[in-house]
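This report concerns only the one structure given below.
Side chains are part of it too, since the values below use all heavy atoms of this structure and drop only hydrogens, waters and symmetry mates.
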Amino acid sequence: MAPMSYRTQYSIPDVSTDSFGLYGLYGREIGPRLRFDLAARLDTARTAADSGQANTNLYFAYNGTRTTRATDTYPSGSARMRYKLSEALELNAGIGHAVRVADPVEKFFALQRKGTDWVGNPSLDPSRNTGLDAGI
């Protein structure tokens with residue numbers, strides 16, 4: 001820290017995350033052996049860093065932004081079918097899509113170091129993934 005005059009750095013600048021979600025599930029028997037399930041979710045997450053503590057100069061140098069706030073709204077969902085072969089055996093298959101909002105370290109971490117800096121991305125989009133599965 002001596003080369004930087006021992007100045008105070010807030011690597012995670014008092015970040016808050018508030019989220020709200022709605023979830024719904026629908027299931028239906030299609031005959032005595034077949035069932036279909038559908039689930040849907042909608043989430044909104046607001047993240048904010050203390051702009052007085054955030055090193056927006058580092059954000060701008062690495063990511064081209066000085067923002068200290070973000071709001072992300074994203075859908076998720078799944079669909080599954082189950083077929084009963086017998087009383088003790090069933091086939092099933094499904095697909096799902098999920099989203100995860102970036103955490104405060106991924107978005108707002110900023111630490112200036114001699115040589116290499118450690119910097120998050122305040123404009124980072126939520127992580128998304130889609131999966132398929134099948135079973136017996």
Side-chain angles (χ1 to χ4, degrees):
M1 297 299 294
M4 294 186 295
S5 303
Y6 296 102
R7 65 181 168 82
T8 301
Q9 293 189 72
Y10 301 96
S11 58
I12 302 175
D14 195 21
V15 179
S16 64
T17 302
D18 298 313
S19 60
F20 176 77
L22 296 172
Y23 176 78
L25 177 64
Y26 173 77
R28 179 165 184 163
E29 299 287 338
I30 305 170
R33 294 180 178 261
L34 186 63
R35 179 173 176 85
F36 179 72
D37 292 310
L38 185 64
R41 182 174 181 96
L42 183 66
D43 291 281
T44 295
R46 291 186 183 116
T47 53
D50 182 333
S51 58
Q53 295 179 359
N55 189 338
T56 59
N57 291 332
L58 277 181
Y59 300 159
F60 188 76
Y62 285 88
N63 302 300
T65 184
R66 293 186 187 280
T67 189
T68 57
R69 300 183 178 284
T71 300
D72 298 299
T73 300
Y74 42 90
S76 300
S78 66
R80 173 165 299 285
M81 293 203 74
R82 295 183 292 179
Y83 184 76
K84 199 175 220 183
L85 294 170
S86 69
E87 200 56 43
L89 193 61
E90 120 181 334
L91 291 173
N92 63 67
I95 184 170
H97 179 77
V99 181
R100 179 189 65 80
V101 69
D103 71 26
V105 172
E106 293 169 310
K107 282 189 174 247
F108 298 110
F109 192 89
L111 186 62
Q112 191 170 11
R113 302 179 335 147
K114 185 177 180 180
T116 58
D117 302 324
W118 290 350
V119 184
N121 182 353
S123 301
L124 187 63
D125 289 331
S127 172
R128 301 174 181 274
N129 68 56
T130 300
L132 298 169
D133 69 2
I136 186 166

So do the side chains of Asn63 and Pro122 get within less than 4.5 Å of each other, counting heavy atoms only?
yes
Does the side chain of Thr8 reach to within under 4.5 Å of the side chain of Tyr10, using non-hydrogen atoms?
yes
Evaluate the side-chain contact (heavy atoms from CB on, under 4.5 Å) criterion for residues Leu22 and Arg41: first the C-alpha distance (whole Å), next the side-chain angles of each, then the deciding distance (0.1 Å), finally the verdict.
CA-CA 6 Å; Leu22 296 172; Arg41 182 174 181 96; over 6 Å; no
Side chains of Thr130 and His97 only: does a donor on one sit below 3.5 Å from an acceptor on the other?
yes
Would you say the side-chain atoms of Tyr83 pair up with the backbone N or O of Arg33, donor to acceptor, closer than 3.5 Å?
no
Okay, side chain of Asp43, backbone of Tyr74: is any donor-acceptor separation there less than 3.5 Å?
no
For side-chain contact (heavy atoms from CB on, under 4.5 Å), just list the numbers for Gln112 and Asn55, CA-CA rounded to whole Å, side-chain angles, deciding distance to a tenth of an Å, and then say yes or no.
CA-CA 9 Å; Gln112 191 170 11; Asn55 189 338; 4.2 Å; yes
Can a salt bridge be assigned to the pair Arg82 and Asp37 using a cut-off of 4.0 Å between side-chain N and carboxylate O?
yes
Linking I/L/V/M/F/W/Y whenever any side-chain heavy atoms sit under 4.5 Å apart, do Phe36 and Leu85 land together?
yes
Same hydrophobic cluster for Leu58 and Val15, using side-chain heavy-atom links shorter than 4.5 Å among ILVMFWY?
yes
Side-chain donor-acceptor pair under 3.5 Å between Thr44 and Thr73, yes or no?
yes
Looking at Tyr59, is its backbone amide N or carbonyl O close enough to the side chain of Thr56 to form a donor-acceptor pair, meaning the two atoms are under 3.5 Å apart?
no
State whether Phe60 and Arg66 meet the cation-pi test: NZ (Lys) or CZ (Arg) under 6.0 Å from the six-membered ring centroid, and within 45° of the perpendicular axis.
yes
Around atom CZ of Arg100, are there more than 12 heavy atoms from other residues, nucleotides or ligands closer than 6.0 Å?
yes
Glu106 side chain to Leu124 main-chain N or O, any donor-acceptor pair under 3.5 Å?
no
What is the distance from atom CG of Asp103 to atom OG1 of Thr17, rounded to the nearest 0.5 Å?
8.0 Å
Have a look at Asn92 and tell me which of Arg35, Lys84, Arg80 forms a side chain to side chain donor-acceptor pair (under 3.5 Å) with it.
Arg80
Tell me whether Asp72 is salt-bridged to Lys107, with the criterion being a basic N under 4.0 Å from an acidic carboxylate O.
yes
Under a 3.5 Å distance rule, please check whether Asp117 uses its side chain to pair with a backbone N or O of Val119 as donor and acceptor.
no
Can you tell me how far the CG atom of Asn129 sits from the OG atom of Ser76, to the nearest 0.5 Å?
9.0 Å
Do Tyr62 and Asn121 come within less than 4.5 Å of each other through their side chains, counting heavy atoms only?
no
Is the closest side-chain heavy-atom distance between Glu29 and Leu34 below 4.5 Å?
no
Hey, any chance Tyr26 and Leu42 share a hydrophobic cluster, counting ILVMFWY side chains that come within less than 4.5 Å of each other, even indirectly?
no
Any chain of hydrophobic side-chain contacts (each under 4.5 Å) joining Leu91 to Ile30?
yes
Less than 4.5 Å apart, side chain to side chain, heavy atoms only: is that true for Ser127 and Val99?
no
Under 4.5 Å between side-chain heavy atoms, counting indirect links through other Ile/Leu/Val/Met/Phe/Trp/Tyr residues: same cluster for Leu111 and Phe108 or not?
yes
Looking only at heavy atoms, what is the nearest atom pair of Ala54 and Thr68, with distance?
CB-CG2, 3.9 Å
